Amino acid sequence: MSPRRTDAGGRIDRLRTIRFTFDGAPYTGHAGDTLASALLANGVTLFGRSFKYHRPRGVLTSGVEEPNALVTVLRGEVREPNIAATMVEIYDGLTVVSQNRFPSLSWDVSAVNQLGGKLLSAGFYYKTFMGPAIGPLKSTRFWMFCEHFIRRAAGLGRAGTAPDTARYERMNAFCDVLVVGSGPAGLMAARAAADQGARVILSELEPHFGGSANWSGETIDGMPGADWAARAAGQLEGYDNVRLLPRTTVWGYYDGNTLAALERVTDHKERPGKGEPRHRYWTIRAKSVVLATGSFERPLVFPGNDRPGVMLAHAAERYANEYGVLPGNRIAIFTNNDSAYRSALALKNAGAAIVAIVDVRPELSSEMRELADEAEAKILAGHAVVATEGGKALSGIKVQRFDMVNGALAGDPRSIQADCLLMSGGWSPTIHLASQAGAKAEWNAARQAFLPPKPTQQWIGAGAFTGSFSTAEAIAEGRAAGLSAAGGTGAPTALPVVEAAPGDPDPAPVFEIKADGKSFVDFQHDVTAEDVRLAHREGFVSVEHLKRYTTLGMATDQGKNSNIPGLAIMAEALGKPIPEVGTTRFRPPFSAVSIGSLAAERFGDLRPERLTPMHDWHVANGATMYSAGLWYRPMIYGHPGETIEQAYVREARATRESAGIVDVSTLGKIAVQGPDAAEFLDRVYTNMFSTLAVGKARYGLMLREDGLAFDDGTTWRLGDQDFLMTTTTANAGKVMQHLEYFLDVIWPELKVHVTSVTDEWAGAAIGGPKARAILAACITGTAVDNATLPFMGIVHGKISGVPVMICRLSFSGEMAFEVYSGAGYGTHVWEALIEAGKPFGLVTYGLEALGTMRIEKGHVTGAEIDGRTTARDLHLDWMLSKKKPFIGSAMMDREGLIAPGRLELVGLISLDNQPLNGGAHIVEALDEANPHDSIGHITACCYSPAFGKYIALAMVKDGKARRGTRAHISDPLRNRFGPVEIVSNHFFDPDGSRMHG
């Protein structure tokens, strides 16, 4: 028998033993245990180290609100940090390690931080560290020295680097009624709505339905609450119109009654079943929502309240009743309300000795005294706990007389031996989802808690969520809420009868016991009561500012434990009542959400990998492939021993000297057809397309509605009513959406049809001085001389028997041609072009060489069209038609878009012959120690084989006027500083003589 496992009781399967490890040590538990309950059963009291001071911490709660016992779960090489031990279901082979400690949990060298005192008080990370002058550490250099160590110390768990091999799924669901929470209120609401014929979804974040009924020890309808809940859930399972979602946390409430939920499908399994995802992300759209999310018990704030062995009273009751585990053998209780007396009796019945009940209230009801007598507990009314004793486990407490009217302590402290202290500071309804849905919470003086706001969306509350803390009230409210949500009335019916311990749910308005020592408000972030008062003294009087300055209630806590005590202390410091101070707005997610579930099918084995028709040829011929958007494209065709730079320089140089060929199948291709196609393109592009002759192409620029540049490309006129638009690879989908929106919503009268044909065409661009000769050697059915195929001309012919369409246009500054064929013939045409080019020295080149030549030419791409630039910034104002309106024309001349001092496109030449980096800043005066006054940044860079120098394109303030001047690169992140010359962005073939031939 485990040291603290009870002889009987609980809902665990005592016949099934589970083996797991914690920090490398082997332990056993039973099926149905959480990691927290299993470790407690084995006598473990130390679960983790606190965030800032590295104080020893034990488990505080039994559910999702746990702030202390955060662990890292290991599955092979994959590690998932910051998981509450209270939410980890044990299984054979479970491997868990503690966090935020070195070298071990029991001996942590960073515990020396506890000596830091005021040096590590709230907000120290926001302050500038000045001095002292120690050698080179002068002025702010001392801060820069300290910053390194502060950043290393930040956080709790350590994220892994191994790829996550788990699968994730995304689901959409629609229902008439979503019930969140399956306690007595939630079960009754789901049943009532289902009986009205409504489509119901019932979600529960725990593995079992029933909520508090599973551990309260109450009797419902003549049977134990857990049995009643199991029967109710079983009945719901038989309904065709009910979907049950256990292990599912509804974590976000959004507009339009849209809610987000996370289902933990296989976290509790040693091995997932075939095809099972680890997590399933649900987007639920409900006509109406019933919020039956219950409430959280609050801790009390007093010195030493964070010591291992100090726990919330209801959590200890749950461990005893649901898991058959005693959190201690000699238990003391500290409370300001009646609910702790029920916990005392439950723990006494489970086998613990209740050594004392310390109650801040001087007068107690006869019912509470009877419960205390039944628990054989001595009552210390009008007393408070002022200290705890022990190290990594509790050994005793100190209590003192307490006047709850003025908060004064009197008399001498007395010591009580105890290995566990349970505290109960009242209950806070779990109003997080209601807060996310909108409106401000409302303070209830009797409950000393914020109750839900008046609904701004279609939701109804029930049970402890509304401040109705008795099970009988929860059952009645749940049924009424379910009927209302389903739009029914329902005949009066007898409700289940509840037998429960008596008690007044209203606590005394006592949140803090002021005595010597650290009193913690937010256990997760080591925020003390004095930190809250410090925030007030430093001027942070808004609750939102308090939250950010102290980190109170941030991260996974989100105010679950700390919110009300922190607000009470701030209110006292301000001399205002709590409702006047207010509460923070709770934000999604309610609890931690895996990033994998958010990505879902967009990640891993369900993510599409788009391959061009020539992909296999590229791989077989030594191409190094990488992902460009969803497409896989050749980066380089490297020779043995070549670096990436050497390979792309060789490819680009060979293209300029003879000819090169590149796969451009990924360019977006959209067929624009219909009687109004030309008119439509005139409206979409900044320049004119209705005047374009059949058999010709034109370069076009699109703006967004706000006047900023959106995309560029060429559009070919294949017939009077038939155009082929090409777009950048990355923007193909966005441009298609853009076109469809304007046709469907803005100009539905236009007779135009747009079709994405990107996958229908394979494309190869062949360029260089010998490109025309290579085409002439393999084309039939057409000539390719200058008269037949002028710049931006289009011809049709055949290559190796395959029909092709050729347009003469250039991206690189060389004479170049784009050859399109049906996708199924792409490799065949590609190979025919390469065979024809062998006598001419044709090379294949990848994206790196393509980028190099476009930089040399000064052509813009998405790096420059980044959502902030205008046509004028990019020197494309010559394309802005003055003869017609177009999308963006009404907004492109706004004051801010034509003001002096905007960033403009320029070229840069490295003057120290060292590589440049994308994103590096450009400054007029170099200051390596204190980089400042950026005048722009690099958008793209390369080594130019045409010039034998490192060059770049950049966006620079008043860039055109700065041509011919010098500046500096300032890139402290990569420690790159150096001089550059600002020149025209047209490095190569500025007059177009090579391109036009």
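This one's a predicted model, so the numbers in the text were calculated from it and none came from an experiment.
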Point-to-point distance, once rounded to the nearest 0.5 Å, from CG of L433 to CZ of F590:
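Spacing of CG (L433) from CZ (F590) equals 7.0 Å.
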
Nearest-0.5 Å distance, CG of residue L347 to CD of residue E317:
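Going from the CG atom of L347 to the CD atom of E317 covers 7.0 Å.
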
List the steps, then state whether ring-ring contact (aromatic ring centres under 6.0 Å, His included) holds for W251 with H432.
CA-CA 9 Å; W251 57 262; H432 296 65; over 10 Å; no

Please determine if [X] and [Y] form a salt bridge, counting it only when a charged side-chain N lies under 4.0 Å from a carboxylate O.
| X | Y | result |
| --- | --- | --- |
| R342 | E218 | yes |
| K398 | D412 | no |
| R361 | D504 | no |
| R369 | E374 | no |
| E204 | R247 | no |
| D526 | R57 | yes |

Distance-only polar pair, side chains of S98 and R101, donor-acceptor under 3.5 Å:
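The criterion, which ignores hydrogens and geometry beyond distance, is satisfied for R101 and S98.
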
Is the backbone N or O of G425 less than 3.5 Å from a side-chain atom of R298, with the two atoms forming a donor-acceptor pair by type?
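Yes, because the side chain of R298 sits within donor-acceptor range (under 3.5 Å) of the backbone of G425.
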
Of the non-hydrogen atoms in V301 and N305, which two are nearest, and what is the gap between them?
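Shortest heavy-atom contact: CA-ND2, 3.7 Å.
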
